[in-house]
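Quick one: the structure is below, questions incoming.
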Protein chains: 2
Amino acid sequence: MPDSELASESRGESGALDFEPISRETVSSQIRAQLLRRIITGELAPGARMPSERELAEQFRVARTSVREAMQGLLSLGVVERRGNRSFVAEHLPDVVVDQPDGRKDFVAQLFETRRVLEVPIFALAAVRADDSARAQVTDLADRFHANLDISDFRRLDREFHTTVASACGNPLLIELYGKVLDRLFRSEEFDALLSDEQNRSEVRRIVSDAAAAHESIALAFATGDIEEMERCTRDHVGAVAQAMVDDLI
Amino acid sequence: MPDSELASESRGESGALDFEPISRETVSSQIRAQLLRRIITGELAPGARMPSERELAEQFRVARTSVREAMQGLLSLGVVERRGNRSFVAEHLPDVVVDQPDGRKDFVAQLFETRRVLEVPIFALAAVRADDSARAQVTDLADRFHANLDISDFRRLDREFHTTVASACGNPLLIELYGKVLDRLFRSEEFDALLSDEQNRSEVRRIVSDAAAAHESIALAFATGDIEEMERCTRDHVGAVAQAMVDDLI
DNA sequence: ACAAATGGTCTGACCGTCTGACCGTGCTAG
DNA sequence: CTAGCACGGTCAGACGGTCAGACCATTTGT
């Protein structure tokens, strides 16, 4: 191999610049992966009914054939079962798939660890960077919490509150990641279970009123741009909810 | 819409769990993107000869048809020219391709803010939770950095180092989010530009050797489980790289 | 002048995907 | 009880992206 170039662009080493490998992810494999993840995390709970193929096709904006192919994969993995005309998540997931032994408590712990890692600095940043209208909006939102709020209203409001504060931090990437965490939290069985515990209404009521108070403090720190107070309040709030959720799981 | 569920699995809101969009990146579009990046960063310098289509096809492990399709794109963008039997990078790149309006500095700032938010606590957790084999592995990895490492080797090693440390934190969700951030960083043109700046080799060399030293310190703190030191080193390291990248952009 | 390298063009095949249709079955509202 | 409907199962046809070749014309380098 003659190296006859005289000028400019010798590559130095072997002359070959190396490229990233070309990825060939197929549509159905992506769908399979996404569904599998929802199943493993319990968002699609064992025994629950799967969305219909047509529905999935519409949501993914993809042909039903592709969804079916993905389903075949899950079927043969044993994580999805067909009964009659319906598809269900398998009652007992094969061990091959599920390799997290005592998932639930760990899962909740991880969720809140992640939330703490993100939420405290994000809220702190937001407290510094928010404009006046955002501050007013958050104060307003915090005022709408009552101790005796309907559960589903509380959930909606709770989520809106956190999202609103976060979006004042001015960093779209952080907001996106934080959104993913909130998504998993609000979709998780465990969070559902915590708030819709029929046996323990008084406990639920306490959680709601505590959260209302915490949001009030956060909103205050937010309105005044007090960063240390913001960090303290947020940390306490996340810690308290995490504690309640872990207790609920025992 | 009646809320007739009494027990378990009410999904709360609209009942529809929403999925990530399915990506449909074609082989040729990926090739086009990779070539374009090499051209913009100057790795493929203006006026330099392009590798032959057959050669590219072999490197990408792809049919020549796909390479040609990518080339057509670059050709019509005006960043590649055919002269006689040869392809060359255009002498003067069309402005359309070269300049991102202004978002660049913001983008980099946001990327590193996010990285700092995640990386510092993740590395701290990892320092506490890692097992012996992970500690040994990280020490080993840090030792493989030299001041005069090949750029592409450095990138690979750099990424592996960060990924390896992070995966010792024991929280899959955190690892996943951190992975997304690293992805964006390593895929970004800006990072590419920083490390493959042909005009400024000495600066690049300084960055590489600084990073090598920083990784050494991090590995040490990691090996001994010194959490405060770990936080300090990580914060400094991220800050330094961020600074270098912002400087490069001016 | 000649051989090698390169781009241009074409072909046949394969696969993943889309579209749209039709079938049988089981659930459910009238 | 029955008709309608939602669902999974299946099929046929088309299309685009990709691959592996082959062949040609031209340029390049010796």
Side-chain angles (χ1 to χ4, degrees), chain A residues 1-9 15-16 19-35 44 47-90, chain B residues 1-2 4-5 15-16 19 21-35 44 47-90:
Chain A
M1 181 176 285
D3 54 331
S4 51
E5 328 91 331
L6 20 114
S8 52
E9 70 356 336
F19 297 96
E20 310 282 329
I22 300 301
S23 94
R24 294 164 194 281
E25 264 198 317
T26 164
V27 168
S28 40
S29 79
Q30 293 180 60
I31 296 176
R32 174 161 31 80
Q34 284 204 41
L35 290 177
L44 286 167
R49 200 167 141 193
M50 291 285 288
S52 80
E53 295 178 351
R54 288 177 173 87
E55 194 177 333
L56 286 173
E58 193 178 352
Q59 289 221 5
F60 281 116
R61 310 176 134 270
V62 126
R64 184 157 76 105
T65 7
S66 305
V67 173
R68 300 206 82 242
E69 195 163 329
M71 287 291 240
Q72 290 304 331
L74 299 177
L75 225 33
S76 66
L77 272 183
V79 299
V80 166
E81 292 167 357
R82 308 235 116 127
R83 293 201 290 271
N85 270 350
R86 301 284 140 87
S87 315
F88 297 84
V89 180
Chain B
M1 183 176 284
S4 52
E5 333 88 331
F19 296 97
I22 300 301
S23 93
R24 295 165 191 280
E25 269 196 313
T26 80
V27 170
S28 41
S29 79
Q30 294 179 61
I31 295 176
R32 174 163 29 83
Q34 284 205 40
L35 291 177
L44 286 167
R49 180 145 163 221
M50 292 284 290
S52 79
E53 296 179 351
R54 289 177 172 85
E55 193 179 335
L56 286 173
E58 193 179 352
Q59 288 220 7
F60 280 116
R61 312 177 131 271
V62 126
R64 185 156 76 104
T65 346
S66 305
V67 173
R68 300 205 84 240
E69 195 163 328
M71 288 291 242
Q72 288 305 330
L74 299 178
L75 226 31
S76 67
L77 272 183
V79 298
V80 167
E81 292 166 357
R82 308 235 115 124
R83 292 203 289 271
N85 266 352
R86 301 282 138 91
S87 314
F88 297 84
V89 180

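Every chain is numbered from 1 and lettered A, B, ... according to where its sequence line falls, protein lines coming before strand lines. What's counted below: heavy atoms across the whole structure, side chains too, no hydrogens, waters or symmetry copies.
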What residue pairs, at least two apart or across chains, pass ring-ring contact (aromatic ring centres under 6.0 Å, His included) with a residue in residues 65-89 of chain A?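 Passing the test, one end in residues 65-89 of chain A: no pairs.
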Give each protein N/O atom lying under 3.5 Å from an N/O atom of nucleotides 23-30 of chain C, with the pair distance.
{"from": "dT25(C)", "atom 1": "O2", "to": "N85(A)", "atom 2": "ND2", "distance (Å)": "2.3"}

Sequence neighbours excluded and cut-off under 3.5 Å, please list the side-chain donor-acceptor pairs for residues 75-82 of chain B, or say none.
{"from": "S76(B)", "atom 1": "OG", "to": "Q72(B)", "atom 2": "O", "distance (Å)": "3.3"}
{"from": "S76(B)", "atom 1": "OG", "to": "G73(B)", "atom 2": "O", "distance (Å)": "3.0"}
{"from": "E81(B)", "atom 1": "OE1", "to": "R83(B)", "atom 2": "NH1", "distance (Å)": "3.1"}
{"from": "R82(B)", "atom 1": "NE", "to": "S87(B)", "atom 2": "OG", "distance (Å)": "3.1"}
{"from": "R82(B)", "atom 1": "NH2", "to": "E53(B)", "atom 2": "OE2", "distance (Å)": "3.2"}
{"from": "R82(B)", "atom 1": "NH2", "to": "S87(B)", "atom 2": "OG", "distance (Å)": "3.0"}

Taking only side-chain nitrogens and oxygens of S66(A), does any of them come within less than 4.0 Å of OP1 or OP2 of dG16(C)?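 So the side chain of S66(A) is outside the cut-off, no N or O lying under 4.0 Å from OP1 or OP2 of dG16(C).
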Measure from CE on M71(A) to P on dG9(D) and round the result to the nearest Å.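 Atom-to-atom, M71(A) to dG9(D), this comes out as 9 Å.
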Contact nearer the 5' end of DNA chain C, comparing L75(B) with V27(A):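 It is L75(B), whose closest nucleotide lies nearer the 5' terminus.
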Considering residues at least two apart in sequence or located in another chain, which fulfil the side chain to side chain donor-acceptor pair (under 3.5 Å) criterion with S29(A)?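 Not a single residue meets the side chain to side chain donor-acceptor pair (under 3.5 Å) criterion with S29(A).
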Expected rows: protein N/O vs nucleotides 10-16 of chain D N/O, under 3.5 Å:
{"from": "dT10(D)", "atom 1": "O4", "to": "R64(A)", "atom 2": "NH2", "distance (Å)": "3.3"}

Would you find a donor on one side and an acceptor on the other, under 3.5 Å apart, between the side chain of Q30(B) and the backbone of S23(A)?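 Pair found, side chain donor or acceptor close to backbone of S23(A).
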Which part of the nucleic acid, if any, lies within contact of R49(A), taking any heavy atom under 4.0 Å across all strands shown: a base, the sugar-phosphate backbone alone, or nothing?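 Answer is sugar-phosphate: R49(A) comes under 4.0 Å of backbone atoms only.
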Counting any heavy atom closer than 4.0 Å, what does R24(B) reach on the DNA or RNA strands: base, sugar-phosphate only, or nothing?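 Since only primed, P, OP1 and OP2 atoms lie under 4.0 Å of R24(B), the category is sugar-phosphate.
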Under the side chain to side chain contact (heavy atoms under 4.5 Å, CB included) test, residues paired with E69(A) that sit two or more places apart: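 Applying side chain to side chain contact (heavy atoms under 4.5 Å, CB included) to E69(A) gives S28(A).
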